**Student:** 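I'd like to ask you about the structure that follows.
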Amino acid sequence: MNLNGKTALVTGASSGIGEACARAFAAAGARLVLAARRLDRLQTLAPELAALSRQPVLPLELDVRDRSAVEQRLAALPEGFREIDILVNNAGLSRGLDKLPAGSIDDWEEMLDTNVKGLLYVTRAIVPAMIQRGRGHIVNIGSIAGRQTYPNGNVYCGSKAAVRAISEGLKLDLTGTPLRVTEIEPGLVNTEFSAVRFHGDQLRADKVYEGMTPLSGADIADIVLFVVTRPQHVNVAEILVMPTDQSSATLVHRRPAPGA
Ligand code: NDP
Ligand code: 8X3
């Protein structure tokens, strides 16, 4: 699976699924724009990926919630990085796991601003030029949470249901163009996601994956690489993928700890 000659922009490339997608794309020979807020991480990753891909890699400090920064930075990409062939809208987060009447409005705003509005800002900034060039693939990282609402997931699930609807809507509106749109909907993936959800409580985060084998970022990156390397006439619209130990958003098989 080869991405030689292609340029990919990955949002949220500083950890987890986004970082894994960047690695997989680099191994396939893509030129990369790595976007996230933690520039230090991107600057550490960039030379490693450039060595792997033998292509230039651009670390781009970007908060997808900042509409004018998204517009300005993506309009001002340097020569050699302007023609984005693959956009992976991955930047996203959950905050809290509370009953809706007790939820934190700050947490809600952060999720909706990042997962929904941020994805829209980046899409709006990149897709028109893809249409003009007559080529492009948009991969949105949704979630099982966008299909199956789970207790206390309320606003996070709503944000991912929006990603699902927006992905469908984008494909409808691109009918007649050669552009492709894919939504990937993972179940439990062991990344920094749960630590972020629980505001840094690592012990609580670790319990999410206790006694079961979760997916890794690399598992999702494999799938993303697969969809973007299908022949041009093949558009994989969506993929729901869970660990074998998970059968729905709320049904997870956990083994007791040895000696317990
Ligand atoms: P991580 O927390 O490991 O990664 C999240 C990434 O998003 C980081 O690189 C972070 O970078 C970036 N990010 C967050 N907010 C912003 C922002 N405002 N602007 C730019 N980048 C931002 O979690 P995952 O890798 O698991 O999450 C990636 C995506 O996968 C998310 O959309 C998540 O909802 C989705 N997902 C995760 C699942 C899981 O179980 N882990 C399952 C299903 C979907 P930085 O902080 O440097 O800005
Ligand atoms: C992340 C997976 O089940 O924690 O989207 O919502 S879940």
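First listed ligand is number 1; within each ligand, the first listed atom is number 1. Reckoned from all heavy atoms, side chains included, excluding hydrogens, waters and symmetry mates. Everything numeric here is computed off the predicted structure, so don't read it as measured data.
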**Student:** Considering non-hydrogen atoms of the protein only, which is the closest contact for atom 12 (C) of ligand 1, and what is the distance?
**Tutor:** Gly12 CA, 3.5 Å

**Student:** Considering only the protein, which heavy-atom contact is closest to atom 35 (C) of ligand 1, and what is its distance?
**Tutor:** Ile141 CG2, 3.8 Å

**Student:** Measure Asp63 to ligand 1 on non-hydrogen atoms and call it side chain, backbone, both or neither using the 4.0 Å cut-off.
**Tutor:** both

**Student:** If you measure from each heavy atom of Gly142 to ligand 1, is any distance below 4.0 Å?
**Tutor:** yes

**Student:** Looking at side-chain heavy atoms only, is the closest gap between Phe25 and Val224 below 4.5 Å?
**Tutor:** yes

**Student:** Once you restrict to heavy atoms under 4.0 Å, what part of Lys160 touches ligand 1? Side chain, backbone, both or neither.
**Tutor:** side chain

**Student:** Under 4.0 Å from any heavy atom of Tyr156, which atoms of ligand 2 are there?
**Tutor:** 1 (C), 5 (O), 6 (O)

**Student:** Provide, to 0.1 Å, the distance between atom 24 (P) of ligand 1 and the closest protein heavy atom, together with that atom's residue and name.
**Tutor:** Thr191 OG1, 3.4 Å

**Student:** Please confirm whether Gln246 comes within less than 3.5 Å of ligand 2 when only nitrogen or oxygen atoms on both sides are compared.
**Tutor:** no

**Student:** Does an N or O from Ile17, backbone or side chain, lie closer than 3.5 Å to an N or O of ligand 1?
**Tutor:** yes

**Student:** Just need the protein heavy atom nearest to atom 11 (O) of ligand 1, so name the residue and atom and give the distance.
**Tutor:** Ser14 OG, 2.9 Å

**Student:** Considering distance alone, does some N or O of Leu188 sit under 3.5 Å from an N or O of ligand 1?
**Tutor:** no

**Student:** List every atom of ligand 2 that sits less than 4.0 Å from any heavy atom of Ala145, numbering the atoms from 1 in the order shown and giving each element.
**Tutor:** 6 (O)

**Student:** Show the numbers, then the answer: is there a side-chain contact (heavy atoms from CB on, under 4.5 Å) between Val228 and Val88?
**Tutor:** CA-CA 10 Å; Val228 300; Val88 182; 5.9 Å; no

**Student:** How far apart are the C-alpha atoms of Asp245 and Arg255, what are their side-chain angles, what is the distance that settles it, and do they pass the salt bridge (charged side-chain N to carboxylate O under 4.0 Å, His left out) test?
**Tutor:** CA-CA 10 Å; Asp245 283 336; Arg255 287 166 285 278; 2.7 Å; yes

**Student:** Taking all non-hydrogen atoms of both residues into account, name the closest pair between Pro243 and Thr213 and its distance.
**Tutor:** CB-O, 3.3 Å

**Student:** Please state which protein non-hydrogen atom is closest to atom 43 (C) of ligand 1 and give its distance, to 0.1 Å?
**Tutor:** Pro186 O, 3.3 Å

**Student:** Quick check: closest heavy atoms across Arg254 and Val208, and the distance to 0.1 Å?
**Tutor:** NH1-O, 2.9 Å

**Student:** Who's the nearest protein heavy-atom neighbour of atom 31 (C) of ligand 1, and how far?
**Tutor:** Asn90 O, 3.2 Å

**Student:** Starting from atom 3 (O) of ligand 2, find the nearest protein heavy-atom neighbour and note its residue, name and distance.
**Tutor:** Tyr150 CE2, 3.8 Å

**Student:** So among His137, Glu238, Arg230, Lys171, which one has a side-chain hydrogen bond (donor to acceptor under 3.5 Å, both in side chains) with Thr182?
**Tutor:** His137

**Student:** Whether Glu48 and Arg23 form a salt bridge (side-chain N of Lys/Arg under 4.0 Å from carboxylate O of Asp/Glu) is what I want to check.
**Tutor:** yes

**Student:** Could you list which atoms of ligand 1 come closer than 4.0 Å to a heavy atom of Gly16?
**Tutor:** 3 (O), 25 (O)

**Student:** Could you check Ser143, Ser159, Ser94 and say which one makes a side-chain hydrogen bond (donor to acceptor under 3.5 Å, both in side chains) with Asn115?
**Tutor:** Ser159

**Student:** With heavy atoms only and a cut-off of under 4.0 Å, state how Leu62 meets ligand 1: side chain, backbone, both or neither.
**Tutor:** backbone

**Student:** List the closest protein heavy-atom neighbour of atom 33 (C) of ligand 1: residue, atom name, distance to the nearest 0.1 Å.
**Tutor:** Tyr156 OH, 3.7 Å

**Student:** Of the protein's non-hydrogen atoms, which lies at the shortest distance from atom 41 (N) of ligand 1, and what is that distance?
**Tutor:** Val189 O, 3.0 Å

**Student:** Any non-hydrogen atom of Ser194 lying under 4.0 Å from ligand 1?
**Tutor:** no

